[in-house]
Amino acid sequence: MDNDPVSRQMEVIRRGAVEIIPERELEEKLRSALAAGRPLRVKYGADPSAPDIHLGHTVPLSKLRQFQDLGHLVVFIIGDFTALVGDPSGRSKTRRRLSPEEVKENALTYQEQVFKILDRDRTEVVYNSRWLSPLTFPEIVDLAARATVARMLERDDFGKRYREGKPISVLEFLYPLMQGYDSVAVRADVELGGTDQTFNLLLAREIQREYGQPPQVIVTLPLLEGTDGVQKMSKSLGNYIGISEPARDIFGKVMSISDDLMWRYYELLSRLPAGEIAGGKEECRSGANPIAWKKKLAWELAARFAGTAAAAEAGAYFEEVHQKKEIPEDMPEVVLEEKDLSAGTVPVIELLRLSGLVPSNAEARRKIAEGAVSYDGEKINEHGAEVRVKDGGVLRLGKRKFRRIRLEPPPEKN
RNA sequence: GGGGAGAUACCGAAGUGGCCAAACGGGGCAGACUGUAAAUCUGCUGGCUAUGCCUUCGGAGGUUCGAAUCCUCCUCUCCCCA
């Protein structure tokens, strides 16, 4: 590569991105920004409906960080307006509207987590209600006039739902417009998003043009599959790994992904040099047990988000509990009070419920029938069994769920 | 505005008076096997003070000894015509 600073920046930006539309424009923007000594304004929007940031979000966030490291400014938009309206998209018909308090709270949690990755000093955090709320109906009409239904139906999920006879509300058509208007409001030079955002990002270019602004360049990034390896990572599907989860959980969840998915995660999340990753992949293809590589990845991610000490502990915990199949040292504890006991025993079903391992008595019965329940190493097969508990005893459900039972000392008489 | 189709458990989808807590598939959970991988096989998958009882088939009423199934009204969705 040559020494042209613009080419060097382009190279960094291009790495891992799916598309840059259009590349030429980005080069020009970088060049003029450099010449003028001003940073590019790189927009990224987040909807504060679910406050937990997971690995899927970190793909674009890391790219944003790279922009920051290249000297640019990130404009982080919190879609509080959007959240208040209640996004009806997808098939989740029951997605409820959030209260202003919830939005505020989520937004704060969000920021807290986002700055695990982003550089606070090069980030401008803005709420889109600031400019969306004051819009008047005539202004909205004016905005709505800029897009056609046919254009909207080009968007994959709209088109698909339309063909399948699934409902699409007019409100949903408004979303891309609002998002586009955000770009106008913050005068975005570049916007980042997942590939599922391509349509919205492109439409924003048109809207900016309509409002007399130079259109933003869009950079799309791959969507990370969730731990199931099929659907994109999302909180609502429960296939996510949150960046604020305890190291053990991050470690454990990574260990449970499939081998194929592991390499995908390496490519999208790991900071190891590409060559090293390719080497590992090759090694495993020729017969090596992938578990070593999986641990390496689990360690890297746990360390990045929970710290190296916690990651090391999580790794040790994993080996002890899951590989050597020993009972872990620490586990959640459940305190039984005297009133829970009768003559030192508790019905198993009660015990399972009190420990929060099952949601209902019926579920407790099923798990017992399945042979999944044991106390201090003894399998319990009778759902009517009375368990003689002792302080420190271990209740176990399945392979991975443990609860240490604590007995509350009898109240002292005075 | 007119005509037609539809709403079933986490999701998809059968069921059209009692044998329906509701087939089947997916997902999920558990068991076996394993590397907490994949694949495969097996079981479970509304609740309860439990051989019974209660809640659940869009909502509210009604018919009936008995309703997811029949009737009335309502809400929502899709398609066609205007």
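So that the names make sense, note that chain A is the first sequence line, chain B the second, and so on, each numbered from 1.
- Ion pairing of A:Arg366 with A:Glu370 is absent here, as no side-chain N (NZ or NE/NH1/NH2) approaches a carboxylate O to less than 4.0 Å.
- Nucleic acid contact class of A:Leu261 (heavy atoms, under 4.0 Å, all strands): none.
- No cation-pi contact links A:Arg41 to A:Phe67, judged by a cut-off of 6.0 Å to the six-membered ring centre and 45° from its axis.
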Pairs: protein N or O with nucleotides 3-6 of chain B N or O, under 3.5 Å:
none

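- Looking at heavy-atom distances under 4.0 Å, A:Lys253 makes no contact with the nucleic acid at all.
- Between A:Asp69 and A:Arg65, at least one side-chain nitrogen of the basic residue sits less than 4.0 Å from a carboxylate oxygen of the acidic one, meeting the salt-bridge criterion.
- Listed by chain and residue number, nothing satisfies the ring pair (Phe, Tyr, Trp, His ring centres under 6.0 Å) test with A:Tyr162 (two or more places apart in sequence, or in another chain).
- Figure legend: cation-pi geometry between A:Arg130 and A:Tyr127 absent, as NZ or CZ is not positioned both under 6.0 Å from the six-membered ring centre and within 45° of its axis.
- Taking a pair as Watson-Crick or G-U wobble with both distances under 3.5 Å, RNA chain B forms stems of 3 or more consecutive pairs at B:1-7 with B:75-81, B:10-12 with B:24-26, B:27-32 with B:40-45, B:46-48 with B:52-54, B:58-62 with B:70-74.
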Distance-only check: which donor-acceptor pairs under 3.5 Å involve side-chain atoms of residues 275-284 of chain A, not counting sequence neighbours?
residue, atom, partner, partner atom, Å
A:Lys281, NZ, A:Glu267, OE2, 3.4
A:Glu282, OE1, A:Arg285, NH1, 3.1
A:Glu283, OE2, A:Trp293, NE1, 3.0

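- For A:Ala362 and A:Lys401, each mapped to the nucleotide of RNA chain B holding its nearest heavy atom, the one lying further toward the 5' end belongs to A:Lys401.
- Residues passing the ring pair (Phe, Tyr, Trp, His ring centres under 6.0 Å) test with A:Tyr317, sequence neighbours excluded: none.
- A gap of 16 Å separates the P atoms of B:A60 and B:U8, to the nearest Å.
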Short heteroatom pairs, N/O only, protein and nucleotides 55-58 of chain B, under 3.5 Å:
none

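- In this entry the distance linking CG of A:Asp228 with C1' of B:A37 reads 14 Å, nearest Å.
- A gap of 8 Å separates the P atoms of B:C70 and B:G17, to the nearest Å.
- Ion pairing between A:Arg14 and A:Glu19 fails under the 4.0 Å rule for side-chain N and carboxylate O.
- Listed by chain and number, the residues in a ring pair (Phe, Tyr, Trp, His ring centres under 6.0 Å) with A:Tyr44 are A:Phe76 (sequence neighbours excluded).
- Counting only residues at least two apart or on different chains, the side chain to side chain donor-acceptor pair (under 3.5 Å) pairs with a member in residues 372-382 of chain A are A:Asp376-A:Lys390.
- Distance CG (A:Asp259) to P (B:A39): 11 Å, rounded to an integer number of Å.
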Q: Evaluate the criterion side-chain hydrogen bond (donor to acceptor under 3.5 Å, both in side chains) for residue pair A:Asn239 and A:Thr227; output intermediate values, then yes/no.
A: CA-CA 5 Å; A:Asn239 61 359; A:Thr227 49; 5.5 Å; no

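- Cation-pi geometry between A:Lys253 and A:Tyr240 is met: under 6.0 angstrom from the ring centre, within 45 degrees of the axis.
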Every protein N/O lying under 3.5 Å from an N/O of nucleotides 75-82 of chain B:
none

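- The stretch residues 264-280 of chain A has no heavy atom under 4.0 angstrom from RNA chain B at all.
- The distance from atom CZ of A:Arg400 to atom C1' of B:A37 is 11 Å, rounded to the nearest whole Å.
- Between the side chain of A:Arg406 and the main chain of A:Asp391, no donor-acceptor pair closer than 3.5 Å is present.
- In summary, the side chains of A:Gln216 and A:Ser183 do present a donor paired with an acceptor at a separation below 3.5 Å, with no hydrogens or angles considered.
- The phosphate of B:G47 (OP1 or OP2) has a side-chain N or O of A:Ser360 nearer than 4.0 angstrom.
- Dashed line: the shortest gap from a side-chain N or O of A:Asn361 to OP1 or OP2 of B:U49 is under 4.0 Å.
- Across residues 243-252 of chain A, A:Gly252 each have a non-hydrogen atom less than 4.0 Å from an atom of RNA chain B (numbered order).
- Results of the side chain to side chain donor-acceptor pair (under 3.5 Å) test with A:Glu225 over A:Gln231, A:Arg264, A:Lys232 single out A:Arg264 as the only residue that passes.
- Residue A:Asp259 holds its CG atom at 8.5 Å from CH2 of A:Trp263, rounded to the nearest 0.5 Å.
- A heavy-atom distance below 4.0 Å to RNA chain B is reached by these residues of residues 364-379 of chain A, ordered by number: A:Arg365, A:Arg366, A:Lys367, A:Glu370, A:Ala372.
- Atom-to-atom, CG of A:Asn239 to C1' of B:A37 comes out at 17 Å; the value is rounded to the nearest Å.
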